[in-house]
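First up is the structure itself, then whatever we jot down about it.
Chain letters run A, B, ... following the sequence lines, proteins first and then strands; every chain starts at 1.
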2 protein chains.
Amino acid sequence: MNVLGLDIKPINVRGADMNKREVILETAVELFAEKGYSHTSMQEIAEGVGISKGSLYSFFTSKEDLIISIYEHYQQLVFERVFIIGLDGDLPPREKLEKQFEVQFEGILHYKAYMKMHLRGETGTNNKKISAMEHRMRGRLFSWLQNSLLELYGEEITAYKWDLMFMTQSIYRTYMMLLVTGQAEAKPAAIGKHIVRQLEVMANDFLNGNSQPILNDEMMQDFIVDMDREGAFVSFEKREQAWKTLYNKLNKLDLPQSSSLKEIANRISEETKKSRPEKVVLKGLFALLKENDEIANESKALEDEILSV
Amino acid sequence: MNVLGLDIKPINVRGADMNKREVILETAVELFAEKGYSHTSMQEIAEGVGISKGSLYSFFTSKEDLIISIYEHYQQLVFERVFIIGLDGDLPPREKLEKQFEVQFEGILHYKAYMKMHLRGETGTNNKKISAMEHRMRGRLFSWLQNSLLELYGEEITAYKWDLMFMTQSIYRTYMMLLVTGQAEAKPAAIGKHIVRQLEVMANDFLNGNSQPILNDEMMQDFIVDMDREGAFVSFEKREQAWKTLYNKLNKLDLPQSSSLKEIANRISEETKKSRPEKVVLKGLFALLKENDEIANESKALEDEILSV
DNA sequence: ATGCAAAATGACTATTGAGTCAATTATATT
DNA sequence: AATATAATTGACTCAATAGTCATTTTGCAT
């Protein structure tokens, strides 16, 4: 029995495998970030991990499979937290958006190598699966920005949304790049506020009629299709659906312990953010959640999603 | 005798060679843009041009030499015109900057494939010479932006210049990308004005104290070094030095024909912008300039620079 | 027409690196 | 301890491609 009153069970048998899989992902991401995708050989990655090439191929069926797994792994980690903040109905739109940018920049500090790799963009291009993945990522980002814009300014922003989305995204990307390359050091919260402020200033200039938009729906047809196809922000993964269900329930019930339950949920989100989340901690936190019968089912569902990775 | 009263001399003997060299550059740039640097083989380039691989290697000693030549060739073409507008002392700073962006976007439409290649960034990375070249290009761009900011707002902008430069550059890059990929169609003049307007809005927000900068000199030490080392905007190529000398002389003399002479100079600049400038036209225009004894020397110097390419 | 030099060719070499698989080693089970 | 099963290895194949060079073709002068 530990302090939380839980029996700590040994991590399941496949634990070792999962770890090695992650070690490979992390090693590969660092090498890709440093030398680029095509200039990093599978041999080098194997050596970096300390295993043989043959073993490497027992975890990932090809180099392409490896890079796609990297994207899937990290993208989930980075974006999930933004999504969760989006679920919080108590936060006013502007603070919410600031917080979401803040969280992204925190993520960047955690996953520097991944971001560096991503910014390089030089993944074995003209590859179908990879560019599909990149499409999907961009779709999510834009879907999120669009949501935020509408929440902030309502329908009247529609005519300017494309210009604002592209400009905001490019500013975001620039500061991300500066952080990742270590050129700039700054508090995530400060950058988050800064970006939202720029967006605000530009949006107001549009709304006051002092600026004319360049982009319009017709030009952006491709993007619209992408955003729709991905179902994008509303619900794009079972795991995030599970988060959403839990939050909805929490908000609806409005229990007296509600705020402490949210705190636990946030701590869970924090833990999953780590590159090596501790299973015991997660299990403990979920046990706490499940003590409340009203949300036990939802908690269980989320736990299954998270621990099954 | 043609309409300009000039004998048209046959294009010099190396003309054929020069053409083929340029055909190779253009073919290569298209293939690099389409499939990426490392996924395009020298064989494919040779086939694209309709020559053998051996011949290709008589023009460029290596693949690296080829990509560097591409950068040198196009960068000169794109940036030179921005520089020349910078020389025009009559234009107020804001209009000048708008015009410079406009000209860049015009250039982008001319050299789409090059820009696409450049945006991909996936040139044989960790290569010394290439990254040196990219450094130089970035240095020039930032040096130009810095100049423009100081002209527009004076010294009081200094504290915010880094944030403004990075944000402006990123917005510029975004619209460039949209143009290059054909997502957006827009008049270069409109985009130029648009970008300057965003810069203005953001700058005013800083100057009014409503926004705080994120970046400072200390963080940007590397950039400062780069910008200084390149001598950057002030004078970075013999050719541009020659332009500058000519313009200075023109402005100083203030001849009655001054404006028609400037028109001729601008027409020369237009012609050099083309992917296949006509030598005859250039020679004719220079002949017109040289009719004025006062600027004959400067014109001759510039002509030598331009025609020697 | 003849001979010569320059230009062009493409078969060839050498290297790199993705992916395979038979053989070996480690681990678990009885 | 013996056996079975799973995990790991690295030498090997095979394809791609940068760069070379002996041979052929072309263009030009006499």
In whole angstroms, the gap separating C1' of D:dT17 from CG of B:L31 amounts to 15 Å

Going 5' to 3' through nucleotides 11-26 of chain C and flagging B where a protein heavy-atom sits under 4.0 Å of the base, S where only the sugar-phosphate is that close, and - otherwise, we get ------SBBB------

Atom CD of B:E47 and atom C1' of D:dT17 are separated, to the nearest Å, by 12 Å

A:L56 atom CG is separated from D:dG10 atom C1', nearest whole Å, by 13 Å

Double-helix bend of the helix from C:dA1-D:dT30 to C:dT30-D:dA1, axes at both ends from 5 pairs, round to 10°, gives 10°

Aromatic ring centroids of A:H73 and A:Y114 under 6.0 Å? no

_Geometric class of the B:Y37/B:F32 ring pair [parallel <30°, tilted 30-60°, perpendicular >60°]_ = tilted

Check: B:F166 ring centroid to A:Y175 ring centroid under 6.0 Å: no

Review point. Does B:E34 come within less than 4.0 Å of B:K116, counting only side-chain N to carboxylate O?
Key: no

Run the numbers on A:E72 and A:S69 for side chain to side chain donor-acceptor pair (under 3.5 Å), then give the verdict.
CA-CA 5 Å; A:E72 274 165 358; A:S69 301; 4.9 Å; no

Note to self: On the nucleotide D:dT8, are OP1 or OP2 found under 4.0 Å from the side-chain N or O atoms that A:K20 carries?
What the structure shows: yes

Requested in this report: Check the pair B:Q169, B:R138 against side chain to side chain donor-acceptor pair (under 3.5 Å), reporting the backbone distance first and the verdict last.
Outcome: CA-CA 10 Å; B:Q169 180 260 7; B:R138 212 175 39 177; over 6 Å; no

One should read off an interatomic distance between A:M42 CE and A:L31 CG, to the nearest 0.5 angstrom, of 11.5 Å

Rounded to whole Å, the CZ-P distance (B:R21 to C:dA7) equals 15 Å

**Request:** In sequence, state the C-alpha distance, the side-chain angles, and the governing distance for B:Q104 and B:Y172, and then conclude on side chain to side chain donor-acceptor pair (under 3.5 Å).
**Result:** CA-CA 10 Å; B:Q104 295 241 23; B:Y172 160 67; 2.6 Å; yes

Closer than 4.0 Å, any side-chain N/O of A:S55 to the OP1 or OP2 of D:dT9? yes

